[in-house]
There are 2 protein chains.
Amino acid sequence: MSDKRTRLVEAAADLAHRRGFRETSLAEIAEAAQVPLGNVYYYFKTKDALAEALIERWLEEMRAARAAWEAAGGPVERLEACIDVAARGREAVARSGSPVGGLCTELGKSGGPLAEKAKALFREQLDWIEVQLHALGGGAEAPALAIHLLSGLQGASVLAHAQGDPALVVYEAEMLKAWVRRLPQRLRAQA
Amino acid sequence: MSDKRTRLVEAAADLAHRRGFRETSLAEIAEAAQVPLGNVYYYFKTKDALAEALIERWLEEMRAARAAWEAAGGPVERLEACIDVAARGREAVARSGSPVGGLCTELGKSGGPLAEKAKALFREQLDWIEVQLHALGGGAEAPALAIHLLSGLQGASVLAHAQGDPALVVYEAEMLKAWVRRLPQRLRAQA
DNA sequence: GTCTATACCGAGATAGAC
DNA sequence: GTCTATCTCGGTATAGAC
């Protein structure tokens, strides 16, 4: 149906990642998507409506990613697969940071309904990690452990971006994977 | 001398933290600082020049903070003091994220000389943490361990901000402090 | 050194022909 | 449904009186 709508969201995702959503003009997005500026408003009533579609797109994307990680095997392998995504995207992360992290940070400062919508991005991710940790015997500590894992990934993205150094994500990814692998025995010892 | 200059930087720091630097207009900053808009340009040739002063201000602030932490005792206590800053500022972090993290992320996407200047913020902080870890026997692993610590703090700020939940920083701060306390024996066991 | 008024531009958004 | 031309506003920056 509307191939153009998809192209617009795609272009917005790319530009918002590299330069920030507010910093990117609709004219730039329209050009990148090969759609005339005036036509953008046929698909999105306002720029914020486009941001909403952007969030939706990332929600889908991440759900698909999680579905793929679930095929990786047990909880440990699944979490390792999740961590590996950051490591494999290190070059882009060093250039522009985490796409979802950047979006949430930016929209969080605007406040309003967009900030509310964006919450789901990390919420769903944290929930999924928590499920894996429960399966590892995390019990009541699972929430805090999930936060630790996602914090590490997001923080490493922030640092790598700020320093322009892909190696930082790799270091942290290795550290977190080792932590995940040791987690089962640590949780058993504690119980 | 120029009390107004200080007020402008102070106001810029506050507004940039809460709403983002690019998102904040000079008019808002001027008003918050009780300085007429036109007068801003007597102190700063451009808006970017104000951003530069902002970075400078944070560099000073963080140097002062580190000096204070060094009075806390040994390396473990120093690092705990560092971690506690995030925990104590949890309300502001949940509202607006990490001030330096947000600034670095934003300026990092603009690129140019400001992004370069901002690198020093995390660079100095990482160096200081590394020194403490060396004192704990971190050896060749000190850099990766430093990244892990700062990643956790920055990532927790991102998550807490996105979710609007101060508790997230507290969880991660506790986890990191426990990690720091156990570090000496883990490093000894490894050697 | 200080402040008012304003130039200028780029942004989001709209009108209306096709 | 599609696109061009344009409106309007808010932003940075400047001119120039005091």
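All values reported here derive from a predicted model rather than from experimental measurement. In what follows, chains are A, B, ... by sequence order, proteins preceding strands, each numbered from 1.
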In this structure, how many angstroms lie between the [atom2] atom of [N] and the [atom1] atom of [X], rounded?
X	N	atom1	atom2	result
B:Asp3	C:dG1	CG	C1'	14 Å
A:Gln34	D:dT2	CD	C1'	16 Å
B:Glu31	D:dG11	CD	P	12 Å
A:Glu23	C:dG12	CD	C1'	14 Å
A:Ile29	C:dA11	CD1	C1'	12 Å
A:Asn39	D:dT2	CG	P	6 Å

Next item on the list: Establish, for the pair A:Lys47 and A:Phe21, whether the NZ or CZ atom is under 6.0 angstrom from the six-membered ring centre and no further than 45 degrees off its axis.
Entry: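 That pair qualifies as a cation-pi contact.
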Between [Y] and [X], is there a salt bridge with N-O shorter than 4.0 Å?
X	Y	value
A:Glu10	A:Arg7	no
B:Glu106	B:Arg22	no
B:Glu23	A:Lys109	no
B:Arg57	B:Glu61	yes

Next item on the list: Specify the residue among B:Thr24 and A:Val35 whose closest nucleotide of DNA chain D lies further upstream toward the 5′ end.
Entry: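 Final value for this comparison: A:Val35.
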Margin query: Rounding to 10°, can you tell me the angle the first-five-pair axis of the helix from C:dG1-D:dC18 to C:dC18-D:dG1 makes with its last-five-pair axis?
Written below: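 For the helix from C:dG1-D:dC18 to C:dC18-D:dG1, the axes at opposite ends meet at about 10°.
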Note to self: Considering every strand and a 4.0 Å limit on heavy-atom distances, what is the contact class for B:Phe44: base, sugar-phosphate, or nothing?
What the structure shows: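 Touches nothing.
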Next item on the list: Looking only at non-hydrogen atoms, find the nearest pair between A:Thr24 and A:Leu15 and report the distance.
Entry: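 Taking A:Thr24 first and A:Leu15 second, the nearest heavy atoms are OG1-O, 3.5 Å.
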Next item on the list: Could you pull out the closest heavy-atom pair between A:Ala30 and A:Leu37, with the gap in Å?
Entry: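 Looking at all heavy atoms of both residues, the closest pair is CB-CA, 3.9 Å.
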Check: Closest to the A:Ser25 side chain: D:dT12, C:dG12, C:dC3?
Finding: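 Closest nucleotide to the A:Ser25 side chain: C:dG12.
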Note to self: Please determine whether the number of non-hydrogen atoms from other residues, nucleotides or ligands lying under 6.0 Å from atom OH of B:Tyr171 exceeds 12.
What the structure shows: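 Atom OH in B:Tyr171 is not packed in, count stays at 12 or less.
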Next item on the list: Take B:Phe44 and B:Glu52 through the test side-chain contact (heavy atoms from CB on, under 4.5 Å) and record every step on the way to the result.
Entry: CA-CA 10 Å; B:Phe44 304 99; B:Glu52 211 176 316; over 6 Å; no
Check: Is any side-chain N or O of B:Tyr42 closer than 4.0 Å to OP1 or OP2 of C:dG1?
Finding: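 For C:dG1, OP1 or OP2 has a side-chain N or O of B:Tyr42 closer than 4.0 Å.
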Protein-nucleotides 13-16 of chain D N/O pairs under 3.5 Å:
| unit_1 | atom_1 | unit_2 | atom_2 | d |
| --- | --- | --- | --- | --- |
| D:dA13 | OP2 | B:Lys47 | N | 2.8 |
| D:dA13 | N7 | B:Tyr41 | OH | 3.4 |

